[in-house]
Amino acid sequence: MDSIIFDLDGTLWDSRKIVAAAWNAAIEQNKLDAEPITVEDLKSTMGLQMPDIMKKLFPQYDETARNELIETCGEIECVYLKKSGGVLYPEVKEIIGQLAEKYPLYIISNCQEGYIEAFLAFHEMEEYFKDFENPGRTGLTKGENIQLLMERNGLKDPIYVGDTIGDQQAAGYAGIPFVYAAYGFGEVESFDQKIDRFEHLLEVAELA
């Protein structure tokens with residue numbers, strides 16, 4: 001193990017409350033006749049890319065309307081998150097600091113451009129992460145983005161820490177071990193290691 005790559009939502013933080021508020025503002029701005037998005041609605045979409053999320057939550061609208069909503073949601077969401085942030089899981093910042101002393105750290109998330117930047121800026125964690133990637137910038141799948149980041153940074157033996165089946169599949173696609181964050185949003189049966197609390201990652205990293 002020469003590095004650690006993290007998923008974001010359900011692994012490092014829970015931003016659903018702020019994201020739901022941002023998306024409801026976007027629905028109003030785009031003048032759509034749709035039911036308000038709830039925190040529980042967002043839980044069912046974790047791990048999906050934005051076009052798939054929009055198709056699931058707004059099946060009544062055509063692709064053009066959904067794509068316009070993606071743009072509006074992305075813009076408002078990043079503004080809200082930079083101002084209010086999401087909720088970090090217990091001890092995340094402290095443990096990330098410890099891990100960064102031994103391993104290069106990275107983030108791969110299925111989000112739009114600006115989302116990871118908002119996370120890093122609000123919680124003042126830019127110094128701990130060497131690089132990050134997302135489909136909003138590359139148009140690639142999570143597995144492809146993991147491969148891209150590995151190539152870009154010369155990583156040979158990273159692990160991927162995430163909480164959904166999509167994360168497990170992405171790690172498998174990239175050919176790297178998957179550490180299941182069981183406290184997150186998803187249920188995963190296949191994994192290389194499991195952590196029930198974020199602090200348990202110190203044991204995986206042999207720092208406990």
Side-chain angles (χ1 to χ4, degrees), residues 1-20 39-50 52-53 81 85-111 115-116 118-120 122-123 125 128-135 141-147 149-150 155 157-208:
M1 172 173 155
D2 63 2
S3 53
I4 304 174
I5 308 173
F6 292 93
D7 169 54
L8 183 46
D9 295 316
T11 301
L12 298 178
W13 76 348
D14 182 352
S15 66
R16 289 176 298 164
K17 184 175 180 180
I18 298 299
V19 169
V39 168
E40 283 305 306
D41 290 332
L42 293 178
K43 183 177 180 179
S44 70
T45 68
M46 290 300 166
L48 300 177
Q49 291 200 27
M50 284 295 286
D52 295 322
I53 292 174
L81 288 172
V87 179
L88 289 181
Y89 287 108
E91 301 186 69
V92 161
K93 190 169 184 179
E94 296 80 3
I95 291 168
I96 286 292
Q98 294 179 55
L99 293 170
E101 292 179 2
K102 183 174 181 181
Y103 298 101
L105 307 181
Y106 305 88
I107 297 175
I108 296 286
S109 178
N110 272 345
C111 59
Y115 187 87
I116 298 174
F119 162 77
L120 295 173
F122 183 84
H123 292 290
M125 297 175 71
Y128 298 129
F129 292 92
K130 302 293 186 182
D131 197 3
F132 57 84
E133 199 52 89
N134 59 77
T141 67
K142 182 172 281 188
E144 290 169 334
N145 276 326
I146 292 175
Q147 287 187 329
L149 184 138
M150 288 174 62
L155 308 182
D157 297 296
I159 62 172
Y160 188 67
V161 184
D163 67 305
T164 67
I165 291 176
D167 294 328
Q168 180 259 318
Q169 292 172 340
Y173 180 91
I176 63 175
F178 173 62
V179 177
Y180 171 41
Y183 54 82
F185 300 138
E187 295 184 5
V188 177
E189 295 182 358
S190 177
F191 48 81
D192 295 285
Q193 295 198 57
K194 181 176 79 167
I195 55 174
D196 294 307
R197 294 174 57 85
F198 192 76
E199 64 188 73
H200 295 164
L201 192 56
L202 293 174
E203 299 174 14
V204 176
E206 299 182 349
L207 294 177

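- Using a 4.5 Å heavy-atom threshold, the side chains of F6 and F132 count as separate.
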(message) Does Y173 form a side-chain contact (heavy atoms from CB on, under 4.5 Å) with Q147? I'd like the steps, not just the answer.
(response) CA-CA 9 Å; Y173 180 91; Q147 287 187 329; 3.4 Å; yes

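- Here the side chain of E144 pairs a donor or acceptor atom with the backbone of T141 at under 3.5 angstrom.
- The backbone N or O of E133 sits nowhere less than 3.5 Å from a side-chain atom of D131 that would complete a donor-acceptor pair.
- In plain terms, the two heavy atoms of Y160 and A171 that are nearest each other are CB-CB, 4.1 Å.
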(message) Using the rule given for side-chain contact (heavy atoms from CB on, under 4.5 Å), can you reason through L99 versus L201, listing the C-alpha separation, both sets of side-chain angles and the distance that settles it, and then say yes or no?
(response) CA-CA 9 Å; L99 293 170; L201 192 56; 3.7 Å; yes

(request) Applying side-chain contact (heavy atoms from CB on, under 4.5 Å), run through L81 and S15 and close with a yes or a no. (result) CA-CA 8 Å; L81 288 172; S15 66; 4.0 Å; yes

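- Using modelled atom types and a 3.5 Å distance limit, the side chains of Y115 and D9 yield a donor-acceptor pair.
- Interatomic distance, E40 CD to R16 CZ, rounded to the nearest 0.5 Å: 6.0 Å.
- With contacts defined as side-chain heavy-atom distances shorter than 4.5 Å, the pair Q168/I165 qualifies.
- With hydrogens and angles disregarded, no donor-acceptor distance shorter than 3.5 Å links the side chain of Y180 to the backbone of D196.
- Evaluation of the salt bridge (charged side-chain N to carboxylate O under 4.0 Å, His left out) test over residues 95-110, restricted to residues two or more places apart or in two chains, returns none.
- Taking both residues in full, the closest heavy atoms of H123 and G86 are given as NE2-O, 3.3 Å, listed atom of the first, atom of the second, then distance.
- Across every non-hydrogen atom of I95 and F198, the tightest pair is CG2-CE2, 3.7 Å.
- The two residues P135 and S109 have their closest heavy-atom pair at CD-O, 3.1 Å.
- The two atoms that bring F178 and S190 nearest to each other are CD2-O, 3.8 Å, heavy atoms only.
- By the 4.5 Å heavy-atom criterion applied to side chains, N145 and L149 are not counted as neighbours.
- The only option from V204, V179, L12 that meets the side chain to side chain contact (heavy atoms under 4.5 Å, CB included) definition with V161 turns out to be V179.
- Considering only residues two or more places apart in sequence or on other chains, Y103 meets the ring-ring contact (aromatic ring centres under 6.0 Å, His included) condition with none of them.
- Under the rule for a salt bridge (Lys or Arg N to Asp or Glu O under 4.0 Å), D192 has no partner lying at least two apart in sequence or in another chain.
- Counting heavy atoms from C-beta outward, I146 and I176 have side chains that approach closer than 4.5 Å.
- The shortest distance between side-chain heavy atoms of I159 and I5 does not fall below 4.5 Å.
- For the atom pair CD of E199 and CD1 of I195, the computed distance is 10.0 Å after rounding to the nearest 0.5 Å.
- At least one donor-acceptor pair under 3.5 Å links the side chain of D2 to the backbone N or O of D157.
- Distance CD1/I107 to OG1/T11: 10.0 Å, rounded to 0.5 Å.
- Between W13 and F119, the distance from one ring center to the other falls under 6.0 angstrom.
- Under the 3.5 Å distance criterion, the side-chain polar atoms of H200 are left unmatched by any main-chain donor or acceptor of A181.
- The side-chain heavy atoms of P158 and M150, taken from C-beta on, include a pair separated by under 4.5 Å.
- Side-chain contact between E91 and R197: present, with at least one pair of heavy atoms (C-beta onward) separated by less than 4.5 Å.
- Here CG of L105 is found 5.5 Å from CZ of F129. Values are rounded to the nearest 0.5 Å.
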(request) Start with the C-alpha gap between M125 and V92, add the side-chain angles, then the distance that decides, and say whether side-chain contact (heavy atoms from CB on, under 4.5 Å) holds. (result) CA-CA 10 Å; M125 297 175 71; V92 161; 4.3 Å; yes

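- In this structure, Y89 has its ring center under 6.0 Å from that of Y183.
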(request) May I have the step-by-step check of salt bridge (charged side-chain N to carboxylate O under 4.0 Å, His left out) for D7 and K142, ending in yes or no? (result) CA-CA 10 Å; D7 169 54; K142 182 172 281 188; 3.2 Å; yes

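- In this structure the side chain of L155 reaches within 4.5 angstrom of the side chain of Y106, judged on heavy atoms.
- A donor-acceptor pair under 3.5 Å is formed between the side chain of T45 and the backbone N or O of L42.
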